[in-house]
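Quick note: numbers below take in every heavy atom, side chains included, and nothing from hydrogens, waters or symmetry partners.
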Amino acid sequence: MIEIVKPALQHLPSYKAALERGWSPDNLRLLEATREQLAAIEEDPVAFLAGLDDPEAKGPRIALPDGTWVPRLPGFRRWIWDDEVAGSIGLRWQKGTSALPPHVLGHIGYAVVPWKERRGYATEALRLMLDEARAVGLDYVEITTDLDNLASQKVILANGGILAGRFAKIAAYGGAESLRYRIDL
């Protein structure tokens, strides 16, 4: 059905085409992130790909939506692949603990291209990423979602997610009430 692949030059034309169709792998920054990624691919495709795989957190600090800068966490991105890019899924963590700092909205984030939604791709990609989370030593992962994102909630539940509760996002993300799920590994 699908696999999750480490982003590589042979996959890049398909990824770029998805961005050019208006898809964003970033559920928070949307088209701003799409424009930034297209520019980075144009400037230096090899550096762009290298920046998607940073398990040592050597990359630059991260800007939150309100402009606050925070340290980068170890992490990496994989592309959801079905003979072309069908989406993106990422994992982030803190070394030595399964806990996350308050500014990080979960260990795993994912986005499927709209023209391939409702095919079970997100459910399968999350299942595959849970193996990656085990491999980096996590005991559990947390995944957050908006209250009205029923599709994402179903994906998480299908992978053994348990609702840990409601929470308010920190002010940098607008303070909206959201849901936090936990999947024990």
* From Arg182 CZ over to Glu142 CD, what is the distance, rounded to the nearest 0.5 angstrom? ->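 The CZ atom of Arg182 sits 7.0 Å away from the CD atom of Glu142.
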* Would one find more than 12 heavy atoms of other residues, nucleotides or ligands at under 6.0 Å from atom CD of Glu177? ->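 Enclosed.
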* Asked: Just wondering, are more than 12 heavy atoms of other shown residues or ligands nearer than 6.0 Å to CD in Gln10?
  ->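 Yes, enclosed.
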Distance-only polar pair, side chains of [X] and [Y], donor-acceptor under 3.5 Å:
X: Ser152; Y: Tyr110; answer: yes
X: Ser88; Y: Arg77; answer: yes
X: Asp26; Y: Ser24; answer: no

* Check each of Ile156, Leu150, Val155 against Gln153 using the side-chain contact (heavy atoms from CB on, under 4.5 Å) test, and report the only one that passes. =>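 Only one option passes, and that is Leu150.
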* Asked: In this structure, which one of Leu73, Val136, Leu100 forms a side-chain contact (heavy atoms from CB on, under 4.5 Å) with His107?
  ->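 Filter result, single survivor: Leu100.
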* Asked: Which heavy-atom pair separates Arg119 from Met1 by the least distance, and what is that distance?
  ->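 Heavy atoms of Arg119 and Met1 come nearest at O-CE, 3.7 Å.
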* Give the intermediate values and the outcome of side-chain contact (heavy atoms from CB on, under 4.5 Å) for residues Tyr173 and Asp66. => CA-CA 7 Å; Tyr173 292 107; Asp66 71 348; over 6 Å; no
Scan the side chains in residues 44-55 for donor-acceptor partners under 3.5 Å anywhere in the protein, sequence neighbours excluded, and list what turns up.
unit_1	atom_1	unit_2	atom_2	d
Asp44	OD1	Val46	N	3.3
Asp44	OD1	Ala47	N	3.1
Asp53	OD1	Arg78	NH1	3.1
Asp54	OD1	Ala57	N	3.0
Asp54	OD1	Lys58	N	2.8
Asp54	OD2	Lys58	N	3.1
Asp54	OD2	Gly59	N	2.8

* May I have the step-by-step check of ring-ring contact (aromatic ring centres under 6.0 Å, His included) for Trp81 and Tyr15, ending in yes or no? => CA-CA 10 Å; Trp81 189 261; Tyr15 185 78; 10.0 Å; no
* To do: Let me see the working for Thr144 and Leu179 under side-chain contact (heavy atoms from CB on, under 4.5 Å), right down to the final yes or no.
  => CA-CA 5 Å; Thr144 65; Leu179 300 174; over 6 Å; no
